[in-house]
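Just so it is clear: chains get the letters A, B, ... in the order the sequence lines come, proteins before strands, and each one is counted from 1.
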Amino acid sequence: MTDLQPARGTHDLIGEDQRRHHHVVETARQIAARYGFDEWITPIFEDTRVFSRTLGETSDVVTKEMYTFDDRGGDSITLRPEATAGICRALVSNGLTQSLPKKVFCTGPMFRYERPQKGRYRQFHQIDIELIGPSEPLADAEVIACGWEILKALGVHTDTLLELNTLGDAPSRAAYREALVAYFTANKDALSNDSLVRLERNPMRILDSKEARERDLIAGAPKIWPYLSPEAAAFYGKVQEHLARFGVPFRENAGIVRGLDYYGHTAFEFVTSKLGSQGTVMAGGRYDGLVSEMGGPATPAVGLAAGVERLAMLLDVAPPAPAPVAVVPIGDEAEAAAIGILQSLRAAGIRAEMAYRGNLRRRMERANKIDARAAVILGTDDLAQGVAQVKDLRTGTQEAVKLPDIAAYLT
RNA sequence: GCGGGCAUAGCUCAGUUGGCAGAGCGCCAGGUUGUGGUCUUGGAUGUCACGGGUUCGAGUCCCGUUGCUCGCCCCA
């Protein structure tokens, strides 16, 4: 067992795994397109500053989890840990802040140096939707509705619930922060070490803690809702009204927070009960401050990201492998003629295969093994008459079909 | 970063008080040179994760290492 293994936290997608993965991505791509999102393909690595600037110098992702290295020219490069920062950078780099709104769909691998476990990998894949430009709550609701529809199309929505919260605007957060600091300072003894650090830097993140001994304390913490400014409260109310119109069920959860300053207003997570502590399957929110952080003009935006591997795991049934037609020649002379038939089937859009060796029996076994739906059997007798025997491998029925008619017969 | 479990054929796994390295599936070939799924005969395939120790003898017992995996933290 000294063979090379995949690098820790990576995995190969082959066979059923590939089909699940592809189905998730393709479903998301099609639904996003229906909502008017265009796909952008941005680089997998970026200047490190793209992420250190936007994810905050103190976040776990930046301090512990990034794949960062100096390239041969001495520039600091980072494998993207998430998609949003790169999309905002692309928006600014390409001068697209002048042609808003932009509705962006993006998918691909992301990288985080973490301890792998079920539903968590070092190289994983996300689908990502960003709606950049509108400041209206309708945009938030539309993004969430698009996400919900993807979950529904995948059939993974039944054990999944949208948990919704608001982070308010800057004045709301300032007032709330004071209240939180007062509450947790008074209960300092009950806090974990991590949470004590958060109390200094980012008190809202304490609400995110899943530490068992802090659960009661967090449940008793003040909620943001009473601290919302009238404007922020109105925004939040509009989002909920629109969600109802889009038909997206949700539950309010004051524990859904984001630690960074450029997040505001809507924050949400779709959580499944089926994946344990890796239950967040799709998450997002409004980040009106991020584009300016990247050097662009102040630009409102809202978006979401979903983990492809987690969604793929939730699929009850894997998409089936495609069933080909097997071309089965008997003898060398027939094989020569069969190549033409093989190509005519392919030209007609039919998945067609011919084995590379073997007698009739072996080739029929092979056809069965690849789950062929039909076999086109071609012997010298048939060839002389200008026909092939076309056998339906599901029913076992077989009939002679004129060579030029085979593709149409199998379509 | 912390804790638990596991490691034997391509895959899933057995392997008794320490005594010849095994099964099923898969693969290859034959029974059957014009018909698959069923049946049948034969065949190939191992650094028993790695290193050390105990022993006449270790897949089995002991120690260490590595890898995988599940959970915590965090996240998609």
Side-chain angles (χ1 to χ4, degrees), chain A residues 1-11 15 24 28 55 59-65 80-84 107-129 147 192-195 197-198 205 208-214 258-259 269-272 275-284 303-314 326 328-332 334 355 357-383 388-398 400:
Chain A
M1 285 297 184
T2 55
D3 309 300
L4 288 170
Q5 296 294 310
R8 187 163 167 76
T10 68
H11 56 143
V24 168
L55 295 176
S59 72
D60 280 359
V61 169
V62 170
T63 54
K64 297 189 292 205
E65 299 174 359
R80 65 184 181 193
E82 54 95 32
T84 309
T107 183
M110 309 291 158
F111 304 85
R112 291 181 199 174
Y113 189 85
E114 296 181 273
R115 184 100 175 234
Q117 60 183 271
K118 189 183 180 67
R120 195 175 74 186
Y121 305 95
R122 289 180 174 183
Q123 175 176 331
F124 61 104
H125 297 77
Q126 286 188 336
I127 54 180
D128 204 78
I129 285 169
S192 65
N193 286 338
D194 280 350
S195 290
V197 174
R198 292 176 184 138
R205 287 274 315 284
D208 229 0
S209 169
K210 292 174 186 77
E211 202 91 55
R213 61 200 184 93
E214 293 179 326
R258 298 286 182 272
E269 294 182 8
F270 286 96
V271 180
T272 173
L275 290 179
S277 62
Q278 262 67 40
T280 299
V281 96
M282 184 179 269
L304 65 78
V308 176
E309 283 81 357
R310 290 184 188 177
L311 290 173
M313 273 191 289
L314 290 171
V328 179
I330 305 162
D332 290 346
R357 68 165 75 90
N359 58 23
L360 177 59
R361 176 189 165 76
R362 287 291 168 218
R363 287 172 185 259
M364 289 300 287
E365 282 178 351
R366 172 75 189 159
N368 202 52
K369 186 135 299 175
I370 63 177
D371 197 31
R373 61 188 172 96
V376 176
I377 302 162
L378 188 69
T380 43
D381 300 352
D382 302 309
L383 201 52
Q389 304 298 322
V390 179
K391 181 167 188 171
D392 184 319
L393 292 176
R394 307 272 192 256
T395 63
T397 59
Q398 177 173 318

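- Going from the C1' atom of B:rA9 to that of B:rU45 covers 6 Å, rounded to whole Å.
- Computed from coordinates, the A:I370 CD1 to B:rG37 P distance equals 15 Å when rounded to whole Å.
- Rounded to whole Å, atom P of B:rG34 lies 12 Å from atom CD1 of A:I377.
- With rounding to whole Å, A:D371 atom CG is found 17 Å from B:rG36 atom P.
- The listed nucleotides are B:rG1, B:rU35, B:rC75; the one nearest the side chain of A:R115 is B:rG1.
- Toward the 5′ end of RNA chain B lies the nearest nucleotide of A:D392, the other residue of the pair A:H125 and A:D392 mapping further downstream.
- Looking at the side chain of A:Q117, the nearest of the listed nucleotides B:rG36, B:rC72, B:rG34 is B:rC72.
- Annotation: B:rC20 and B:rU12 have their P atoms spaced 26 Å apart (nearest Å).
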Would you sort out whether A:E82 and A:D128 count as a side chain to side chain contact (heavy atoms under 4.5 Å, CB included), showing the intermediate values?
CA-CA 9 Å; A:E82 54 95 32; A:D128 204 78; 5.8 Å; no
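- Pair assignment for B:rG34: none, as no Watson-Crick or G-U wobble contacts are both less than 3.5 Å.
- Judged by distance alone, with hydrogens and angles left aside, A:R362 brings no side-chain donor or acceptor close enough to the base of B:rC28 to form a pair under 3.5 Å.
- B:rA49 and B:rU65 make up a base pair, with Watson-Crick or G-U wobble contacts both under 3.5 Å.
- Spacing between atom CD of A:E269 and atom P of B:rC75 amounts to 9 Å, rounded to whole angstrom units.
- Atoms CZ (A:R363) and P (B:rG34) sit 12 Å apart, rounded to a whole Å.
- To the nearest angstrom, P of B:rC74 lies 19 Å from CD of A:E82.
- Between A:E365 and A:K369, none of the side-chain N atoms (NZ, or NE/NH1/NH2) sits under 4.0 Å from a carboxylate O, so this pair counts as no salt bridge.
- Pair assignment for B:rG26 gives none, since no Watson-Crick or G-U wobble pairing has each distance under 3.5 Å.
- Residue A:R361 has a polar side-chain atom (N or O) positioned under 4.0 Å from OP1 or OP2 of B:rG36.
- Straight-line distance from the CE atom of A:M313 to the C1' atom of B:rA76: 10 Å, rounded to whole Å.
- Applying the side-chain hydrogen bond (donor to acceptor under 3.5 Å, both in side chains) test between A:E309 and each of A:R120, A:Q126, A:H11 identifies A:H11 as the sole match.
- The base of B:rC73 sits with one of its N or O atoms less than 3.5 Å from a complementary donor or acceptor on the side chain of A:R120.
- For A:K118, the listed nucleotide lying nearest its side chain is B:rC70; candidates were B:rC70, B:rG34, B:rG36.
- If you check B:rC20 for Watson-Crick or wobble pairing at under 3.5 angstrom, you find it has no partner at all.
- Base-pair partner of B:rG3: B:rC70 (Watson-Crick or G-U wobble, both distances under 3.5 Å).
- Side-chain atoms of A:Q389 and base atoms of B:rU35 include no donor and acceptor less than 3.5 Å apart.
- For the OP1/OP2 pair of B:rC68 and a distance below 4.0 Å, the side-chain nitrogens and oxygens of A:R8 include at least one atom meeting the criterion.
- Residue A:K391 places no side-chain N or O under 4.0 Å from the OP1 or OP2 atom of B:rG34.
- Mapped onto RNA chain B by nearest heavy atom, A:D382 and A:V308 fall at different nucleotides, with A:D382 at the one closer to the 5' end.
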